[in-house]
Number of protein chains: 2
Amino acid sequence: MAKRPTSADIARAAGVSKGAVSYALNGQPGVSEATRERILAIAAEMGFRPNLAARALNGASAGTIGLALCRPARVLGVEPFFMELISGIEAALAERSYGLTLQVVPDHAAEIAVYRRWSAERRVDGVLIVDLHRNDDRIDVIRELQLPAVVIAGPGDFGGLPQVWSDDAAAVTEAVEYLCALGHRTITRVGGMPELLHTEIRTRAFAEVCERLGVQHAVTVPADYTAEEGSRVTRRVLSAPGRPTALIYDNDLMAVAGLAVAQEMGIAVPGELSIVAWDDSMLCRIVHPPLTALSRDVPAYGTHAAHRLLELIATGTTTSLEDVAAHLVPRGSTATISSVRPD
Amino acid sequence: MAKRPTSADIARAAGVSKGAVSYALNGQPGVSEATRERILAIAAEMGFRPNLAARALNGASAGTIGLALCRPARVLGVEPFFMELISGIEAALAERSYGLTLQVVPDHAAEIAVYRRWSAERRVDGVLIVDLHRNDDRIDVIRELQLPAVVIAGPGDFGGLPQVWSDDAAAVTEAVEYLCALGHRTITRVGGMPELLHTEIRTRAFAEVCERLGVQHAVTVPADYTAEEGSRVTRRVLSAPGRPTALIYDNDLMAVAGLAVAQEMGIAVPGELSIVAWDDSMLCRIVHPPLTALSRDVPAYGTHAAHRLLELIATGTTTSLEDVAAHLVPRGSTATISSVRPD
DNA sequence: CTGAAAGCGCTTACAG
DNA sequence: CTGAAAGCGCTTACAG
């Protein structure tokens, strides 16, 4: 195979200098239109592609953004959220021929080390940050490194970093109002990790709406998004005296696992128990009955965040975005309580 | 923020040349042990990290491998296989601080364009190739580009590229033998895309074992791995006269969707219908009844492939690997047929 | 064992 | 509008 042509080869073939080639290729002024076209034609003919490393050395972009995921691999494998998010991110990057560098990390310390390495090596032009905590120690590092970043979380103050978020409080409120309208008065929520900011936001909103509507038992039980813990927690909740008539889960995976537990315990869904899932993936539709869900367009969410980050990288500034909130999609897993167990 | 130190800064601080710094950092001969340690200490103290672009410009590796995925985003989001594979790949890369660059592509032509770009830009040191076809046109391009690559597929001849594979024929044979032992004589398989090499291998093995064991109706119906088509195909198969007593699905997502269809049609699983899923993810365990599955360690599969690719990149050569075949894990979705519908 | 120099392939002031 | 030169931050022969 012939050696790949360099800009010097193009320059020689076109009878111009390397500088002219560079200007022509990058659409910069400094060459006449005729010369530009001739250079472009020759470059295309010779299959020239600029060496990315050489560009990067001159301070050009790496053409790549980074995403570090701090979840156990077994959760990533089965939870649709992240893969859908990644799909959406990819869609935005593809338009600009940007790449995505993925890294799975065990904890925040490791994630911070990854950011330091990426920054030092100029491996990425910016990062997307997910799963924010309150007082998240990653924020300070990102600022110290001056690494362009968009936070996928909110609302909140993340050291001034732009954020893409949706109103989880509104969504959980909609779900509880719906369940109350169906007659439910004891509702348990199986939440995500308490240290996550969006868990906290949902927990507070859940407590508030329940108090406002006079829900008698409104408890949030923490869990970790895995099917295993979804099963375990559900079994415990449904075995205790005065069990709830409705369950809200913070992700679809736990909701599906919870549905299986209810069925295994002979508790009819939705006759005796209503179930609402957060995040509406295929999982919610392939079980029986299909699950009522708080649905949102996760890929679009990723696309929006990636667009913001690309803008930030290109122009040095971008805006935060409040994306559309999840909305309730009623399916077979929710029903009025009075019809089966009149109080 | 202070400017990042360069090797020249380290050299100045240590009172040596840049060359000495390079030798010290890379464990090359050319500096005394004492000097090396002093340089290393100073580099660490100053937080020095070599600029990746500068290294790459000298022919060093990009420190990244590429994975192009040619599946619709909606499938990627919900099918556990790829995310599990990626988890495993990540695990292998993390040991060596290698990155993974992901790209979702719509078709083979786009995938080939991505390989050309990655190669030309030196963006990746090598690639992992999945979802092989017979006479796959990607192979020639990879060879033309001289891009280090490991094929995750087999057995087969992929232009001499090393391959990591498992014996799908043995696995499907095991499943059919088991179903036959339970008394099933009409078995339908809901397969993956026919153009995929592993679909072809499974289809042939399925036909062979069925003929050998005297299965009367042994049909493979093609599908596309999505839950939607899994439902549609299952509904059709179960609605036709002389419906099978056992179904084998080429992935877990379609199997779970098929189970839901059987339940919606009032067909008892496993009483009247046995179901076997290929790929054993959490999906198979969270449905009711849990699905008998052809189980394999997908993350390990990814890890092995990544290790091979890293070896190929580092040494210029590597070996193919026949990974362990999927094995049957019996669960609640399979039972003897005679107990319910004696022939 | 060590230092000075050239070069990787681009980009970008700087002269003409 | 164009050309020659310097420089990005490393690595690697090549002399001492």
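So that the names make sense, note that chain A is the first sequence line, chain B the second, and so on, each numbered from 1.
The interatomic distance linking A/Tyr23 (OH) with C/dC10 (P) rounds to 15 Å, in whole Å. Regarding B/Lys18, its NZ atom lies at a distance of 10 Å from the C1' atom of C/dA6, rounded to whole Å. Protein atom CD1 of A/Ile39 is 8 Å distant from nucleotide atom P of D/dT2, rounded to whole Å. A/Asn58 has its CG atom 10 Å from the P atom of D/dG9, to the nearest Å. Rounded to a whole Å, the CZ atom of A/Arg49 is 16 Å from the C1' atom of C/dC10. In this structure, the CD atom of B/Gln28 is 14 Å from the P atom of C/dC1, given to the nearest Å. When rounded to the nearest whole Å, the span between CG of A/Asn26 and P of C/dT12 equals 7 Å. The distance between atom CG of B/Asn51 and atom P of C/dC8, rounded to the nearest whole Å, is 18 Å.
Checking A/Val21 against B/Ser17, the closest nucleotide of DNA chain C that is more toward the 5' end is the one next to B/Ser17. Taking for each of B/Val31 and B/Leu57 the nucleotide of DNA chain C with the nearest heavy atom, the 5'-most of the two is the partner of B/Val31.
Base pairing of C/dA4 is not made with any nucleotide, judged by Watson-Crick or G-U wobble geometry with both donor-acceptor distances under 3.5 Å. Base pairing analysis places D/dA13 opposite nothing; no Watson-Crick or G-U wobble pair with both distances below 3.5 Å involves it.
Residue B/Ser7 places none of its side-chain N or O atoms closer than 4.0 Å to OP1 or OP2 of D/dG9. Side-chain N/O atoms of B/Arg55 include one lying less than 4.0 angstrom from OP1 or OP2 on D/dT11. Close to C/dG9, at under 4.0 Å from its OP1 or OP2, lies no side-chain N or O of A/Thr6. Applying the 4.0 Å criterion to OP1 and OP2 of C/dT2, one finds that B/Thr35 has a side-chain N or O inside that range.
With contacts defined as side-chain heavy-atom distances shorter than 4.5 Å, the pair B/Leu128/B/Ile65 qualifies. Side-chain contact check for B/Val150 versus B/Val164: some heavy-atom pair is nearer than 4.5 Å. Contact of the B/Ile313 side chain with the B/Tyr98 side chain is registered, since non-hydrogen atoms from C-beta on lie closer than 4.5 Å.
Salt-bridge formation is detected for the pair A/Arg12/A/Asp9: a Lys NZ or Arg NE/NH1/NH2 atom is positioned less than 4.0 Å from an Asp or Glu carboxylate oxygen.
Seen from the ring of B/Tyr115, B/Arg138 does not count as a face-on cation partner, given the 6.0 Å and 45° thresholds.
Of the candidates D/dC10, D/dT2, C/dC10, the closest approach to any side-chain atom of A/Pro50 belongs to C/dC10.
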